[in-house]
There are 2 protein chains.
Amino acid sequence: MDQEPLHRRIAGDIERRIASGEWRPGFRIPTEAELTAEYGCARMTVSRAMSDLSARGLVVRRRRAGTVVAHPPVHSSALVAIPDIQSEVEGRGLAYTHRLLGRIVRPALPDEGLGERVIELETLHLADDLPFVFERRLISLDAAPEAEAADFTAQPPGGWLLAHMPWTEAEHRISAVGADRETAAGLGLADGAPCLRLERRTWRDGQGVTWASQIFPGAAYDLVARFSPTKG
Amino acid sequence: MDQEPLHRRIAGDIERRIASGEWRPGFRIPTEAELTAEYGCARMTVSRAMSDLSARGLVVRRRRAGTVVAHPPVHSSALVAIPDIQSEVEGRGLAYTHRLLGRIVRPALPDEGLGERVIELETLHLADDLPFVFERRLISLDAAPEAEAADFTAQPPGGWLLAHMPWTEAEHRISAVGADRETAAGLGLADGAPCLRLERRTWRDGQGVTWASQIFPGAAYDLVARFSPTKG
DNA sequence: CGCGCGTTAATGTCTAGACATAACACTTCC
DNA sequence: GGAAGTGTTATGTCTAGACATTAACGCGCG
């Protein structure tokens, strides 16, 4: 009947009192010594529970001052998750397909930050055979030489990279743009129609791996995220 | 010269080898006994290091089978932080001001999910006196009755709510839209110019608090986020 | 009053053990 | 050959201590 370890139970008890509002931000939590007595266990066990809560940002611990319930971040910001296109489409119960529209290998421009040679790809992603995303992508052949031989008609570049070149850092940029002629044609929109552009740049150990610009028809696509501040 | 605790050093050593690609996903990490010998410390110390890595999702631990480097989530997704407008503007070193363009109190529509009565606000946010965001917002007077008396010319509605009504759940929706006539006028754009729209809906204990639609000129604004998967 | 300064209360780390538990490997018995 | 039991290995939890570190507190002194 043990089920859950004691340190988890202690952390859970405290988390519940924080979440319920019984212990408000700034409230000083009983000391480890008091909790040790209350639960009749060793201090390390209580300490582990508190460390876990601290690591998750629910409490702030300071020597001598004790442990207090954390204040939520001052300028509360929230998060939006950026999904991989294939899983996004399949998550909506649609059939995912893609078409490779263009592929060339060329020298990299200096300001692309992708080494000496790149492969440049244009891909159209479809959901139930309707255009969903128009993607332009550069892959550094210095960072990922195997990309030159990869078959991007079988697997879209994003998926291939995910499997072959795990990244260590990424930058995302979300903006709204009017569709240019080529994009509009690919997505079947009027010139200048509002579109959501997601730019993504990834590095591996400081070396640029890929740059991608993914353009979604504004009318058809939303990035949505539900978020609750207390759950890590 | 101690500086960093031993368990952190151990975890750091292992994290480095994972990040560098030396230990790829699926690689079996030395057992606690081996690491204990290598670092000449107690098993609990190694165990703590491994627990931390496990909690952060870098490794997967299984009894008897040992500890292996985790596979990155099948469909890797990343995160974008959504900042509060005022801190966003000030973070760019610009002067933040705002103008209240409209304020009415009216019965809530049923599908707004904001109770019986709402206050409806239109606010223009400026950065260095240039239009930056056009915001339409509804605040539930059932959830936040004090809002009826608040002075939204002194403090923008977002800031007021942050201070008076902490939320427990939020939903965000990012999309691209063409500016309608009113928005275009407010932001000084041409009709139909591409804009980034951020819709935000928040709840407190299941009760709807506010809904906001913030429209950024597409050309002037990007949501940017840098992200690295290994750092919590 | 306020400025140092020692005291001490709290957390942070670590140890050397102990027993529990899960899962795989192997043997035994039918 | 298969099912059931048995051993082995690695992680999971816990204990009862020890010493380190930090910073709030209070006291005394000028």
Side-chain angles (χ1 to χ4, degrees), chain A residues 1-18 22-71 232, chain B residues 1-18 22-71 230-232:
Chain A
M1 297 300 156
D2 203 4
Q3 284 294 84
E4 96 179 322
L6 182 54
H7 68 84
R8 207 97 60 70
R9 202 187 124 213
I10 298 174
D13 284 354
I14 290 168
E15 184 176 355
R16 213 167 310 114
R17 279 184 272 207
I18 293 175
E22 182 186 340
W23 289 353
R24 322 236 4 144
F27 176 86
R28 189 174 156 175
I29 282 179
T31 66
E32 293 191 353
E34 289 165 334
L35 291 169
T36 292
E38 180 180 338
Y39 287 94
C41 64
R43 187 167 78 89
M44 267 239 61
T45 306
V46 171
S47 181
R48 161 128 197 224
M50 305 303 267
S51 295
D52 288 353
L53 290 175
S54 169
R56 291 171 42 200
L58 271 102
V59 302
V60 173
R61 315 192 73 193
R62 274 172 58 228
R63 285 171 155 132
R64 167 76 219 222
T67 302
V68 300
V69 177
H71 287 84
Chain B
M1 296 301 155
D2 202 5
Q3 284 296 84
E4 97 179 319
L6 182 54
H7 68 83
R8 208 98 60 68
R9 203 187 124 214
I10 299 175
D13 285 353
I14 290 167
E15 183 176 354
R16 216 168 307 114
R17 279 184 272 207
I18 292 175
E22 182 185 340
W23 289 353
R24 323 238 357 150
F27 176 86
R28 186 171 160 180
I29 283 180
T31 65
E32 294 191 352
E34 288 164 335
L35 290 169
T36 292
E38 180 180 337
Y39 287 94
C41 64
R43 187 168 77 93
M44 267 239 62
T45 305
V46 171
S47 181
R48 161 128 196 223
M50 305 304 267
S51 295
D52 289 352
L53 291 175
S54 169
R56 290 170 43 200
L58 270 100
V59 302
V60 174
R61 316 192 73 195
R62 274 172 58 227
R63 285 172 155 131
R64 164 78 216 222
T67 303
V68 300
V69 177
H71 288 83
T230 55
K231 313 276 174 188

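Lettering of chains follows the sequences in order, A, B, ..., and the numbering in each one begins at 1.
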Rounded to the nearest angstrom, tell me the gap between atom [atom1] in [X] and atom [atom2] in [N].
X       : N      : atom1 : atom2 : result
B:Leu35 : C:dT15 : CG    : P     : 13 Å
A:Arg9  : D:dT13 : CZ    : P     : 15 Å
A:Leu53 : C:dT11 : CG    : P     : 13 Å
A:Arg48 : C:dC14 : CZ    : P     : 15 Å
A:Glu34 : C:dT11 : CD    : P     : 9 Å
B:Asp52 : D:dG12 : CG    : P     : 12 Å
B:Tyr39 : C:dC14 : OH    : C1'   : 16 Å
A:Arg61 : C:dA9  : CZ    : P     : 18 Å

(message) Which is more 5' along DNA chain D, the nucleotide nearest A:Gly40 or the one nearest B:Met50? Just name the residue.
(response)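 Nearer the 5' end of the strand: B:Met50.
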(request) Kindly compute the distance separating CD1 (A:Ile14) from CZ (A:Arg16), expressed to the nearest 0.5 Å. (result)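 Spacing of CD1 (A:Ile14) from CZ (A:Arg16) equals 10.5 Å.
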(message) On the nucleotide C:dT15, are OP1 or OP2 found under 4.0 Å from the side-chain N or O atoms that B:Thr45 carries?
(response) yes
(request) Would you indicate, yes or no, if C:dA10 has its OP1 or OP2 atom less than 4.0 angstrom from a side-chain nitrogen or oxygen of A:Thr67? (result)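 Answer is no, no contact under 4.0 Å.
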Would you say the side chain of [Y] lies within less than 4.5 Å of the side chain of [X], judging by non-hydrogen atoms?
X       : Y       : value
A:Arg61 : A:Ser47 : yes
B:Ile10 : B:Tyr39 : yes
A:Glu32 : A:Leu35 : no

(request) Would you indicate which nucleotide in C:dT15, D:dC14, C:dC14 comes nearest to any side-chain atom of B:Ala42? (result) C:dT15
Between the base of [N] and the side chain of [X], is there a donor and acceptor pair under 3.5 angstrom?
X       : N      : value
A:Arg62 : D:dT22 : no
B:Arg63 : C:dT21 : yes
A:Arg43 : C:dT13 : yes

(message) With nearest nucleotide decided by heavy atoms, which residue, A:Ser47 or A:Arg64, maps closer to the 5′ end of DNA chain C?
(response) A:Arg64
(message) Reading DNA chain C from 5' onward, which residue's closest nucleotide shows up sooner: B:Met44 or A:Arg28?
(response)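 With B:Met44 and A:Arg28 compared, the 5'-side residue is A:Arg28.
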(message) Over all strands shown, is A:Arg8 touching base, sugar-phosphate only, or nothing at heavy-atom distances under 4.0 angstrom?
(response)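 Sugar-phosphate only.
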(request) Search all heavy atoms of B:Ala70 against all heavy atoms of B:Pro25 and return the closest pair with its distance. (result) O-CB, 3.6 Å
